Amino acid sequence: MSKKSNPFFPIRLITFSLCILGLIISVAIHMMGVIDWLALLIFGFLTALGTYDCLQKRHAILRNYPVLGHIRFLLEFIRPEIRQYFIEGDNDKTPFSREQRTLVYSRSKAVADEIPFGTTLDVMAPGYQWINQSLMPTHLPNHNFRVEIGGKDCIQKYSASIFNISAMSFGSLSANAIMALNLGAKKGGFAHDTGEGSISQYHRTHGGDLIWEIGSGYFGCRNEDGSFNADKFAQNALDPQVKMLEIKLSQGAKPGHGGILPGPKVTAEIAAARGVKEGESCISPSSHSAFSTPIEMMHFIKRLRDLSGGKPVGFKLCIGHPWEWFGIVKAMLETNIYPDFIVVDGSEGGTGASPVEFTNHVGTPLQDGLRLVHNTLMGTNLREHIKIGCSGKIISAFDMAVAFALGADWCNSARGFMFSVGCIQAQVCNTGFCPTGVTTQDPQRQKALVVPDKSERVFNFHNETLKTLKELVEAAGLHHPGEIDAPHIVRRISKNEVRLLSFLLPEMPKGLLLKNEGIDPSLNLPRVFELYWHKAQASSFAALKD
């Protein structure tokens, strides 16, 4: 079990307790005839401040750290000069920059996020990207952009927002964080991915739309030996709150790794959600046991679709060996069974439990993986049948615009929505001492996260981000984010050279991979197709030998 504060005297309350003690001593001394108005006023003020901090509902840090928590807000007030050099150093090495975090916090509170005096980015640095605007901007009626997900065999198609909450499990996040996210999704009409930890009671409390992620541990639909249980799957999948089913093949932050939740952390609530025994280690194998070949995987997708009453079924993966991905596509062609959607997870994705080498050096980054998936489906004439979602450090409207340019139909964000419920990147997710109650199972700490207040911030972040995306689409002279294409995005290569994204990551002509004519070098397509397409096979994830 995660470390908990002492229920009788939490150490985090020691500052507030000392203030109360100081007030009591000051009053006692005053009653003895020794008048010290200064001490009485100081300790009286601090005690009143701490009491207010404990009772207010907007700031989780102040509820968990009354009086002491004000130091953080003071540093925020005097930033960037003091905070940058004395707190963060010259280089901000946290997963997101200060500007990105400020953007989320501002939008979560529905306040202006404009930057005075122009951009803070180095526009001459390699990698800098921008979108070209039109001299004839459009004017769109609203920002409620949606995409219909469901292919030829799907009965219950789902009209999804183009911006949704990415996979984060109960257990990784606290009960209050899960409820705040789901209530925010309910208010805003967007979807909440459960993560592979399955559907907990907290996902069901407010009834927001769910995407149920099914990982290799089959949590929520498993037998005692960890294998897939069809009856338990159907029981959850038929719930009207579950809108789509997502098979997790790999996660961007730790592809090919698997995982383990140690027994002491498996509480009664986590055990109930995952279908495991309380106090016993919870294993997520590195691969699935329900299928072992691409063809078997397609039949598993069909089985889940049938068991769910025809709901959209897809899978999530971070691209690894190209021939394995190509083999999956060849299995689609051979069986005529298509997933309704594919979510491409970039290696930029985050997690609270992964070796540094995996987070930094395993898996394909989002832009490359997304373009490869889009191009493969284009080259096999499957793109019109399958929708593509994506995730991996997507936090702003411009991040979304680039993803749409590379072939995405919708985007998911994890840490962006974590920021909206109060995450400050304290980077102590694995300790149980999260200062804002987002990633702790300590019932006292997570009480600081007030669900109604934080759900409103989740709603605001989604709403304000899509408003900004609408403005970007209008500025480009378009009518829907789906019209953003690679020629609209420009990337700086060096101080003296820029390239359109369509040149750097060109699009595959329709049906090209179905022809036996080879790939014309003049198309400037990545050599991955030339090297590995012919080596992929539908009957095995292994590559054919030359």
Side-chain angles (χ1 to χ4, degrees), residues 1-79 81-83 85-88 101 105 108-109 173-177 179-180 264-265 267 269 418-419 421-457:
M1 187 175 296
S2 299
K3 294 179 182 178
K4 295 184 178 181
S5 303
N6 187 314
F8 300 104
F9 186 72
I11 299 300
R12 57 191 169 80
L13 298 180
I14 190 169
T15 302
F16 182 36
S17 302
L18 290 175
C19 293
I20 296 174
L21 179 62
L23 178 62
I24 294 172
I25 293 174
S26 298
V27 171
I29 293 176
H30 185 78
M31 294 178 66
M32 293 171 60
V34 181
I35 299 176
D36 188 349
W37 289 106
L38 180 61
L40 194 62
L41 288 173
I42 290 175
F43 286 113
F45 170 76
L46 292 177
T47 300
L49 179 64
T51 302
Y52 170 79
D53 291 341
C54 292
L55 295 176
Q56 60 81 37
K57 299 180 179 180
R58 290 185 56 82
H59 300 292
I61 289 179
L62 297 182
R63 284 170 66 86
N64 266 333
Y65 297 90
V67 181
L68 187 62
H70 286 277
I71 295 176
R72 175 180 182 271
F73 293 100
L74 175 63
L75 292 172
E76 281 191 345
F77 177 76
I78 60 177
R79 75 176 189 178
E81 292 85 0
I82 299 297
R83 179 173 176 176
Y85 294 106
F86 291 94
I87 303 300
E88 294 173 343
R101 297 197 301 274
Y105 297 149
S108 298
K109 299 173 185 177
L173 300 191
S174 69
N176 283 19
M179 288 191 288
K265 290 188 176 183
T267 65
E269 292 175 321
M418 280 184 68
F419 291 165
V421 295
C423 171
I424 60 170
Q425 288 191 129
Q427 296 182 294
V428 291
C429 310
N430 60 325
T431 67
F433 289 114
C434 174
T436 57
V438 178
T439 63
T440 178
Q441 297 306 305
D442 182 338
Q444 298 304 315
R445 283 179 174 270
Q446 61 179 290
K447 280 183 181 178
L449 196 161
V450 179
V451 172
D453 176 69
K454 293 302 187 285
S455 69
E456 193 65 24
R457 296 192 181 192

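Computed from a prediction, not measured in an experiment: that's the story for all the values here. All values below come from the heavy atoms of this structure, side chains included, with hydrogens, waters and symmetry mates left out.
Heavy atoms only, all atoms of each residue included: Ala180 and Leu449 are closest at CB-CD2, 4.1 Å. In this structure, Asn176 and Lys447 approach most closely via the heavy-atom pair ND2-CA, 4.0 Å. Scanning both residues, Val438 and Gly422, for their nearest heavy atoms gives CG2-C, 4.1 Å.
Rounding to the nearest 0.5 Å gives a distance of 11.0 Å between OG1 of Thr436 and CD of Gln425. Note that CD1 of Ile20 is 11.0 Å distant from OG1 of Thr15, once rounded to the nearest 0.5 Å. One finds the CG atom of Leu46 at 11.0 Å from the CG atom of Leu41 (value rounded to the nearest 0.5 Å). Taken from OG1 in Thr47 to CD1 in Ile42, the straight-line distance is 11.5 Å, to the nearest 0.5 Å.
The backbone N or O of Thr439 lies less than 3.5 Å from no partner atom in the side chain of Gln446, so there is not a single donor-acceptor pair. Side chain of Ser174 to main chain of Gly437: a donor-acceptor pair is present (N/O by atom type, distance under 3.5 Å, no hydrogens or angles).
Here the side chains of Val450 and Pro452 are in contact, with some heavy-atom distance below 4.5 Å.
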